[in-house]
Amino acid sequence: MKGDRSLATSWPVAKKLWREATMLQPGPSRGTFSATSASFQDAVRTLNTLQTNANYLEQVKRQQDDPQTKLEAMKLYLARSGLQVEDLDRLNIIHITGTKGKGSTCAFTERILRSYGLKTGFFRSPGSSPHLVQVRERIRINGQPISPELFTKHFWRLYHRLEETKDSKSCVSMPAYFRFLTLMAFHVFLQEKVDLAVVEVGIGGAYDCTNIIRKPVVCGVSSLGIDHTSLLGDTVEEIAWQKGGIFKHGVPAFTVPQLDGPLAVLKERAEQVSCPLYLCPPLEALEEGGPPLTLGLEGEHQRSNAALALQLARCWLQQKDHQGIRELEASRPSLLQRLQRLPLAPVFQPTSHMRLALRDTEWLGRSQVLRRGHLTWYLDGAHTSSSMQACVRWFRQALLLGERRGSGPEVRVLLFNSTGDRDPEALLKLLQPCQFDYAAFCPNLTEVSSTDNADDGTEARVGRCAQWTKALALKLNCLALLLTSFVIADQQNFTVTLDQVLLRCLEHQQHWNHLDEKQASPGLWSTPSPEPGGPASLRLAPCPTHTRSTGSLVFSCISHALQWITQGRDPVFQPPSPPQGLLAHPVAGSGASILREAAAIHVLVTGSLHLVGGVLKLLEPSLSQ
């Protein structure tokens, strides 16, 4: 099957294209495993067999089991691994949940406490967000991912322990991916003797696998919103009920200002277990009497996360009788407190340790800027409506404050993908005010080498050979035909890693073109009439003939999208040679000349943390080492 074959216009030909593309798709590696040569890559491959994030979510949706039973099962796994829930008390845990900003809050909190000379552990649950480049990122000690050697040692120790304690009556010997990494984090932190552990909740709170923690030192709830509705409920109040499930008897908890409904639910949940719940004052209140606080994470929305982190860190230090906290006299009840009917957390003067820690906090893929000569990359894994609104504010503000480079044209490019049960049309609509000159869409496939990389346990997988690219091109051809002909294929057998994401990319392009048509604003380029066929290495999917587009293109993988956007002008991302036919599509060819001559290219990468991670892997190769 030739990659430049013209598209047919009939359903039978479309089905034939699909079958041939599927036949070309390589299967998973089936190399045999040798315990004597167990390496980090072996460990990650074995871990990835337990379940992916998307598969787990789909399984939970189908199951109607009592969620409390699943929590009890997690305790049994813990016991089989050689620990009891009482052992976790020694970790001096800070347990943090929320919809938006919980990861940033964790990062701020960990950095503050590390600045006091404490040995910190930090666990990022797979249920919350994907790891960006390597799975080791999920388990950190003193802010750094554990080494491949440490990961390998603890992985196999836990894996073999669970195998040895397998119940002969049960066909399930291993916990799923989520649970295994959670168990492994607890073992690592205990054996490495950390002073404290910051533990991020995966999904929800009440029935999350991290909620076997029975005596945390302090709990936190970041901003609440709508996410994971199939698991947590359709309203913010239902989601708040799940999040409040981490509250424990007598353990102080803090939250940021919330809408009245979810805040009332949090208050009720706290009262039910006699948990003292406090409302964090705004960061401005803590800045009074001192210089403004500088945050290492950009964006106005990070101020709320920093305010919560300061309260969590201060409470932990106080609970552990740490010296050096100068608390200001408690403020009078403010209007905010009276309206929200919660005790206000103390207003205090942040110490020099806290100030420096907030300034030095880093969090890859969140409001992150990389400046590379004529290119500036804006990376933010926003994937909910509220987080995308924050992302748009941050991006537009960064453009306003940025220095103009040269007298030539400045080009704005969007690189977008969305996965799971998100609403891509709603997210893309929020991005319209950014006035992009170009919108590019691609799956979360990096395709940077011809060999399989076992550490891509998420959707951002590495393409393994030219056949893989050809399969992608053929499937894009087929999918473009199906969408243009308004034929909906049976998606029941689509996989998360290929078929479904390719279909979604084309849907994203259609959504964008439709929104662009509504805006009726002139773009930098106009898309010519769709041309049938295309090179095997790359398929730039044509727009439907009835839709006017401002230069939107669909690429088969992240690498090809970046090659087109950068035009060889990024000093770090320098692939050996562009794929054959990269500029074959007229829009790609005309746009390439403008990108090569632009005084500045501003690229916003958003919609999916998987996508951001794949881009970072290409732009920052050192992260993979």
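Scanning for side chain to side chain donor-acceptor pair (under 3.5 Å) contacts around Glu362 gives an empty result, with sequence neighbours left out. Here Glu425 pairs with nothing under the salt bridge (charged side-chain N to carboxylate O under 4.0 Å, His left out) rule; sequence neighbours left out. Residues that satisfy the side chain to side chain donor-acceptor pair (under 3.5 Å) test with Gln311, not counting sequence neighbours, are absent from this structure. For Glu268, there are no salt bridge (charged side-chain N to carboxylate O under 4.0 Å, His left out) partners at least two apart in sequence or on another chain. Listed by chain and residue number, nothing satisfies the side chain to side chain donor-acceptor pair (under 3.5 Å) test with Ser222 (two or more places apart in sequence, or in another chain). By the salt bridge (charged side-chain N to carboxylate O under 4.0 Å, His left out) test, Glu284 pairs with Arg303, sequence neighbours left out. Under the side chain to side chain donor-acceptor pair (under 3.5 Å) criterion, Arg114 pairs with Glu110, sequence neighbours left out. With sequence neighbours left out, the side chain to side chain contact (heavy atoms under 4.5 Å, CB included) criterion links Ala185 to Phe123, Ile139, Phe189.
Of the possible polar contacts, none joining the Lys75 side chain to the Ile212 backbone as a donor-acceptor pair under 3.5 Å is found. Within the 3.5 Å criterion, the main-chain N or O of His249 finds no donor-acceptor partner in the side chain of Ser274. For the pair Asp380 (side chain) and Ser367 (backbone), a donor-acceptor distance under 3.5 Å is present. At least one donor-acceptor pair closer than 3.5 Å links the side chain of Glu137 to the backbone N or O of Val133. Looking only at distances, no side-chain donor or acceptor of Gln318 sits under 3.5 Å from a matching main-chain atom of Cys315. With hydrogens and angles ignored, the 3.5 Å screen pairs no side-chain donor or acceptor of Ser387 with any backbone N or O of Ala382. A side-chain donor-acceptor contact under 3.5 Å links Arg366 to the backbone of Leu364. Between the side chain of Asp208 and the backbone N or O of Gly202 there is at least one donor-acceptor pair closer than 3.5 Å. Looking only at distances, no side-chain donor or acceptor of Asn417 sits under 3.5 Å from a matching main-chain atom of Ser608. His353 places no side-chain N or O within 3.5 Å of a backbone atom of Tyr116 that could act as its donor or acceptor partner.
Checking Glu300 against Trp394 by side-chain atom types alone, no donor-acceptor pair falls below 3.5 Å.
In this structure, Ile203 CD1 and Lys243 NZ are separated by 8.5 Å, a value rounded to the nearest 0.5 Å. Once rounded to the nearest 0.5 Å, the distance linking CG of Leu224 with OG1 of Thr99 reads 5.0 Å. Atom NE2 of residue His511 and atom CG of residue Asp423 lie 7.5 Å apart, to the nearest 0.5 angstrom. Between Leu279 atom CG and Leu344 atom CG the span is 6.0 Å, to the nearest 0.5 Å. To the nearest 0.5 angstrom, Leu430 atom CG is 7.0 Å from Met388 atom CE.
The cationic atom of Arg179 (NZ for Lys, CZ for Arg) does not lie both less than 6.0 Å from the six-membered ring centre of Tyr77 and within 45° of the ring axis.
Within the structure, ring-ring contact (aromatic ring centres under 6.0 Å, His included) contacts touching residues 279-319 (residues at least two apart or in different chains) do not occur. Sorted by first and then second residue, the ring-ring contact (aromatic ring centres under 6.0 Å, His included) pairs involving residues 255-282 (not counting sequence neighbours) are Phe254-Tyr278. Among residues at least two apart or in separate chains, salt bridge (charged side-chain N to carboxylate O under 4.0 Å, His left out) pairs with a member in residues 89-98 are Asp87-Arg90, Asp89-Arg214.
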* To do: Decide side-chain contact (heavy atoms from CB on, under 4.5 Å) for Ser81 and His187; before the verdict, give the C-alpha distance in whole Å, the side-chain angles of both, and the deciding distance to 0.1 Å.
  => CA-CA 9 Å; Ser81 75; His187 278 270; 2.8 Å; yes
* To do: Report the C-alpha distance between Trp363 and Phe122 in whole Å, list the side-chain angles of each, state the deciding distance to 0.1 Å, and finish with yes or no for ring-ring contact (aromatic ring centres under 6.0 Å, His included).
  => CA-CA 13 Å; Trp363 198 228; Phe122 178 9; 5.7 Å; yes
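Between Phe180 and Phe155, the ring planes lie tilted relative to each other; the angle falls in the 30° to 60° range. Between His508 and Phe416, the ring-plane angle classifies as perpendicular under the 30° and 60° cut-offs. Ring geometry for Trp241 versus Tyr207: interplanar angle of 30 to 60°, hence tilted.
The two residues His383 and Gly607 make their nearest non-hydrogen contact at CB-O, 3.5 Å.
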What pairs of donor and acceptor atoms, side-chain ones from residues 91-98 against any protein atom, are under 3.5 angstrom apart with sequence neighbours left out?
residue	atom	partner	partner atom	Å
Asn92	OD1	Lys320	NZ	2.9
Asn92	ND2	Asp195	O	2.9
His95	NE2	Thr210	OG1	2.9
Thr97	OG1	Gly204	O	2.7

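One finds no salt bridge joining Arg504 and Glu507 here, because no Lys/Arg side-chain nitrogen approaches an Asp/Glu carboxylate oxygen to under 4.0 Å.
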